[in-house]
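This report refers to the structure that appears directly beneath it.
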Amino acid sequence: MAKSRTTHSVLLGPGDMVTKWPGIGETRALELENLGVKTFEDLLGLWPHRHEDRSVITPLWMVQDGESVTVQGIIQSAHYDPVKKILRVQIQEGHASLTAIFFHASWLKRQFEPGYKAIFSGKAERRGHQLSMAHPDFQVMTEDREPLLGLVPIYPLSGSLKQVFMQRLMRDIVPRFAPQLSDPLPRPIQEQEGLISRPEAILHQHFPPNALALEASRKRLVFDEFLRIALAVLLMHQVDPHVPGMVQKPDGPLVQRFLASLPFSLTEGQKKAWDEIQHDLRQPTPMARLLQGDVGSGKTVIAILTMLAAVDAGHQAAFMAPTELLAEQQWLVLQNFLRPLGLSVALLTGKDRHADTYREALKTGSILLVVGTQALIGDRVEFKRLGVVVVDEQHRFGVKQRARLSLKGEYPDMLVMTATPIPRTLALTVYGDLQVSEVRGLPPGRKPVETIHLSHKDRRIAYQRVMAAVKRGEQAYVVCPLVGGDDEETQAKAAVDLAEGMKKIPGWRIGLLHGKMHSKDKTRIMEQFRQGDIDVLVATTIVEVGVDVPNATMMVIEEADRFGLAQLHQLRGRVGRGPKPATCFLIADPKTDQARERLEAMVRFHEGLKLAEEDLRLRGPGEILGMRQHGLTGFQLAHPLKDLDLLQRARGVAREIVRSDPQLVQPEHQALRTWVLDAMDDGIPSQVLH
Ligand code: ADP
Ligand code: MG
C-alpha cells in the first residue's frame with residue numbers, strides 16, 4: 001500500500017500539518033481546511049458520512065437494468081467527445097463490457113489508462129447488450145494500489161476535492177497515524193464499559209472490516225463525544241463550597257403586588273413551576289433550573305416572578321436574550337408588566353448610547369432590573385449584587401457563559417427558559433446539575449392555529465382572508481421575509497416596501513414595525529396595535545417574542561421557507577391567543593426538500609415537542625440543540641436522542657472520574673485532561689480548571 005509515498009514522510013506525526021503529505025498542495029490544503037482539517041489528526045477525525053457496501057462485486061454479465069452495483073473490468077478505451085463533452089470509458093470482463101459515462105469531465109481521461117483494471121460503483125443501465133453507468137464512483141488499479149472493497153467510506157467533500165482522492169488519502173493516512181494516537185480513556189474504564197480502544201475505533205470508523213466492527217467503533221466514538229462534554233461540564237460546574245449562594249424572597253411585597261396586578265390567575269402548570277422555583281430561591285445554594293414550556297405557555301410571567309424575588313431581597317436581576325432585537329422586545333414586554341408596579345427596567349444593548357451610564361448604575365445598584373444580551377456578562381459590566389439571572393432560549397446560551405457568570409465571585413440564581421424541549425439527560429449533560437421544571441399546558445381558551453401553505457401565485461388568497469378578518473373587526477400580522485440571512489436591515493427594507501404597497505389599498509389601517517425604528521416609535525406602534533387602532537401590522541421577526549394581542553387572528557408569513565421551524569413556531573404563537581379561531585398562512589415556493597418538509601411539518605403539527613422532533617430529524621442534533629453555540633465541539637457521530645443510554649453511561653463515568661480526581665491531575669488522567677481542555681477551546685477562564 002502506497003509504498004512510494006511513505007518513504008518521504010517517515011518522521012511525520014499526527015500533529016503535523018497535512019501539507020507535509022506529498023500530493024497535498026496549496027489548493028487541496030485550503031479545501032481540506034474548509035472541512036476543518038489542518039493536521040493529520042484532524043483528518044483522522046473527518047468521519048465518513050456513510051459507508052457504501054462494495055463487499056460484493058457483481059460479474060458484468062449478471063448486471064440487471066437499474067441495479068446499483070460494484071463491477072470490475074479491464075479498461076479497453078477512454079474516449080472524450082469534445083462536442084458533446086462526454087467521456088466514455090469502456091471496461092471488459094470476459095465477454096461482457098460496460099461503458100462508464102462522465103459528462104464535462106475531460107480531465108478524467110488520463111486516469112483511465114487502457115490495460116489497468118477499473119472498479120466502478122453506481123447504478124447500471126442496460127439496453128439489450130449495452131451496459132452503461134453514468135458518473136460511477138471509480139477506482140483504477142495501478143500497481144501500487146489495492147482496491148477499496150468491502151465497506152467503503154464516503155467522505156464529505158469541499159471545492160474540487162474528489163471522493164476517490166479522499167478515499168485514497170485516508171487509506172494511506174489512517175492506518176499510519178491512528179495507532180500513534182494515545183487513548184485518553186484509562187484501560188480499566190474501557191474494559192468496564194466494554195469499549196474498544198480509541199485508535200482501533202478510529203481505524204474502523206474509516207475502514208471497518210465488517211458491519212459489527214463499524215458498530216463497535218461508533219459505540220466507542222459516541223461514548224467519547226458524550227464523555228468529553230460531560231467532563232467539561234462537570235469541571236466547569238464544580239461549585240466552590242466556600243462561595244455561598246444567595247437567598248431571595250419569593251413571597252416579598254413586589255411578588256405579591258405583581259401577582260395581584262395580573263388580569264388572570266396562574267395556570268396549574270405555572271403554579272407548579274413557580275412552586276419549584278420558590279423552593280430553590282429560598283435555599284442558600286445557587287439555583288440552576290431549566291424552565292421548559294411550549295410557546296405561549298406563559299414562561300414570561302414566571303421569569304418576572306423570579307426576578308422580583310431577587311429585588312424583594314435587595315438584589316438585582318438580569319434578563320438575558322439571545323439577540324439585541326429579542327432583548328428589546330422582551331424589554332417592552334417586561335416594562336408593560338412592571339410599569340403598573342412603578343418599577344422601571346433598563347435595556348442594555350451594545351449600541352445604546354446610554355450604555356455607559358447604565359453600566360455605572362448597575363455597579364452602584366441604582367438599576368435593579370435589566371434586560372440585555374450576552375453583553376451583560378461581558379468584562380465591562382459589573383453588578384452591585386446580582387441575585388437572579390434569567391436566560392431566554394437555552395440553546396444559544398451555554399456552559400461557557402454560565403461559567404463566566406459564576407466567576408463574578410458569587411453564584412446568582414439562574415433560570416434558563418426554553419420552548420425547545422430537550423431530554424432531561426441531555427440537559428443534565430450540557431448544563432451540569434440543572435433542575436428541570438415544566439410549564440405544562442396553555443392558558444385557557446387557546447386553540448390550534450389553522451396553518452395553510454400557499455405558493456406565491458396564490459398569495460392573494462391569504463390577503464383576501466386577512467381583509468375579510470379586518471372587516472369582522474379582527475387584526476393581523478404580516479411577517480416579512482428574511483433577505484440574505486438574519487440581516488435586520490434588509491428585512492426592515494422589505495417591511496417598509498410591503499407596508500407602503502398595502503397602505504395604497506383601502507379598507508385597512510396598516511402599521512409598520514421593525515428593529516431599525518426608534519424604540520419610542522416601536523412602543524407607540526405596538527400600543528396602537530394593541531388598542532386596535534392598527535388592523536394589520538407589517539413587521540419583521542421582531543414580533544417573534546412576547547407580543548400579545550388576543551384580537552389578532554391572522555398571520556401571513558412571507559417567504560416562510562427562509563425561516564427555521566423553531567422560529568416559525570414562535571411566530572405562529574403570536575396568533576390564536578384569544579377565543580376566536582386563528583389562521584397562519586405560510587407563503588413559499590420551497591426550493592429544497594428540507595424546506596418543503598419544514599412547511600409540511602408546520603401544517604401538520606401544532607405542538608412544540610412534535611416540531612422539535614421534526615427539526616431534529618431534518619437538521620440533525622448539532623443544529624437544533626445549538627451544540628455549536630454551547631462552545632463545546634458539537635456531536636458528530638452521537639445522536640443525543642437515540643444514544644441516550646450511552647449518554648447516561650458516559651455521564652456516570654465522568655462523575656466517577658471527577659469524584660476520584662476532581663482536577664484530573666493524576667497521571668492516568670493526563671491525556672483525558674488535555675483532551676477535555678481542547679474541547680473547551682476558547683473563552684474559558686483558566687482558573688475554572690486550576
Ligand atoms: P411563552 O414565553 O411561554 O411563550 P408568554 O409568557 O409570552 O409565553 O405568555 C403567552 C401569553 O399568555 C402572554 O401574553 C401572557 O400574558 C399570557 N398569559 C400568561 N399566563 C397566563 C395565564 N395564566 N392566563 C392567561 N393568560 C396568560
Ligand atoms: Mg416567551
Side-chain angles (χ1 to χ4, degrees), residues 255 258-275 277 289-308 319-323 325-341 345 371 390-397 415-422 436-449 475 477 526-527 529-531 537 541-553 555 565-580 582 584 606-609 611-612:
V255 171
F258 175 65
L259 282 171
S261 77
L262 289 175
F264 44 73
S265 47
L266 297 186
T267 64
E268 285 311 308
Q270 284 171 319
K271 276 188 198 145
K272 184 159 175 292
W274 176 230
D275 278 349
I277 292 167
R289 195 168 271 281
L290 182 70
L291 183 65
Q292 294 188 351
D294 206 346
V295 176
S297 61
K299 297 184 292 295
T300 311
V301 170
I302 305 292
I304 295 174
L305 285 166
T306 309
M307 293 171 78
L308 290 180
F319 187 108
M320 224 180 295
T323 65
L325 213 59
L326 294 182
E328 267 173 44
Q329 191 55 40
Q330 278 296 357
W331 172 68
L332 289 175
V333 172
L334 295 197
Q335 269 196 322
N336 272 328
F337 271 115
L338 294 174
R339 208 179 289 124
L341 306 190
V345 184
V371 179
V390 176
V391 181
D392 199 12
E393 276 316 311
Q394 113 287 338
H395 61 264
R396 298 189 219 176
F397 184 89
L415 185 68
V416 179
M417 305 203 295
T418 177
T420 315
I422 60 176
V436 180
S437 290
E438 208 183 334
V439 188
R440 277 181 195 270
L442 299 178
R446 302 275 164 86
K447 288 187 207 71
V449 178
Q475 289 165 283
Y477 299 94
M526 272 322 299
E527 211 40 49
F529 189 57
R530 225 185 291 274
Q531 299 294 335
L537 188 63
T541 32
I542 192 169
V543 293
E544 188 182 336
V545 289
V547 181
D548 185 39
V549 179
N551 190 47
T553 57
M555 175 170 276
L565 262 184
Q567 205 170 17
L568 288 172
H569 183 54
Q570 277 283 355
L571 284 169
R572 182 173 61 181
R574 298 307 114 203
V575 292
R577 297 176 155 247
K580 293 175 199 153
C584 175
H606 292 88
E607 260 173 70
L609 180 63
L611 287 166

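Atoms considered below: every heavy atom in the structure, side chains included; atoms not considered: hydrogens, waters and symmetry mates. Atoms within each ligand, like the ligands themselves, are counted from 1 in listed order.
- Judged by the shortest distance from any of its heavy atoms, Ser297 lies inside the 4.0 Å radius around the atoms of ligand 1.
- Contacts with ligand 1 closer than 4.0 Å are made by backbone heavy atoms (N, CA, C, O) of Asp294 only, the side chain lying farther away.
- Taking a cut-off of under 4.0 Å to the non-hydrogen atoms of Thr267, the atoms of ligand 1 that pass are 23 (N).
- By the side-chain hydrogen bond (donor to acceptor under 3.5 Å, both in side chains) test, Ser437 pairs with Glu276, Arg289, sequence neighbours left out.
- Counting heavy atoms from C-beta on, the side chains of Leu291 and Val390 never come closer than 4.5 Å.
- Side-chain contact between Arg572 and Val295 is absent, with no heavy-atom pair separated by less than 4.5 Å.
- The contact set between ligand 1 and Leu266, taken as ligand atoms under 4.0 Å from a residue heavy atom, comprises 23 (N).
- Looking only at side-chain heavy atoms (C-beta outward), Leu308 and Leu341 come within less than 4.5 Å of each other.
- Of the polar atoms of Pro443, none of the N or O atoms is found under 3.5 Å from an N or O of ligand 1, judged by distance alone.
- Contact annotation: for Met417 versus ligand 1, there are no heavy atoms closer than 4.0 Å.
- Each of the atoms 1 (P), 3 (O), 5 (P), 6 (O), 8 (O), 9 (O), 19 (C) of ligand 1 lies under 4.0 Å from some heavy atom of Gly298.
- With contacts defined as side-chain heavy-atom distances shorter than 4.5 Å, the pair Met417/Thr306 does not qualify.
- Looking at Trp274 and Val301, their side chains never come closer than 4.5 Å, going by heavy atoms from C-beta outward.
- Listed by number with element, the atoms of ligand 1 under 4.0 angstrom from any heavy atom of Phe337 are 16 (O).
- Residue contact check: Val295 has heavy atoms under 4.0 Å from atoms 4 (O) of ligand 1.
- Of all atoms in ligand 1, listed by their number and element, those nearer than 4.0 Å to a heavy atom of Thr300 are 2 (O), 5 (P), 6 (O), 7 (O).
- Polar contact check, Lys299 against ligand 1: a nitrogen or oxygen pair lies under 3.5 Å apart.
- The side-chain heavy atoms of Leu537 and Met526, taken from C-beta on, include a pair separated by under 4.5 Å.
- Atoms of ligand 1 lying under 4.0 Å from any heavy atom of Arg446, numbered from 1 in the order shown and given with element: 11 (C), 12 (O), 17 (C), 26 (N).
- Residues Arg530 and Asn336 meet the side-chain proximity criterion, which asks for heavy atoms closer than 4.5 Å.
- Within the 4.0 Å heavy-atom shell around ligand 1 one does not find Gly293.
- Numbered from 1 in the order shown, with element, the atoms of ligand 1 that lie under 4.0 Å from a heavy atom of Ser265 read 22 (C), 23 (N), 24 (N).
- A heavy-atom distance below 4.5 Å is not found between the side chains of Asp392 and Thr300.
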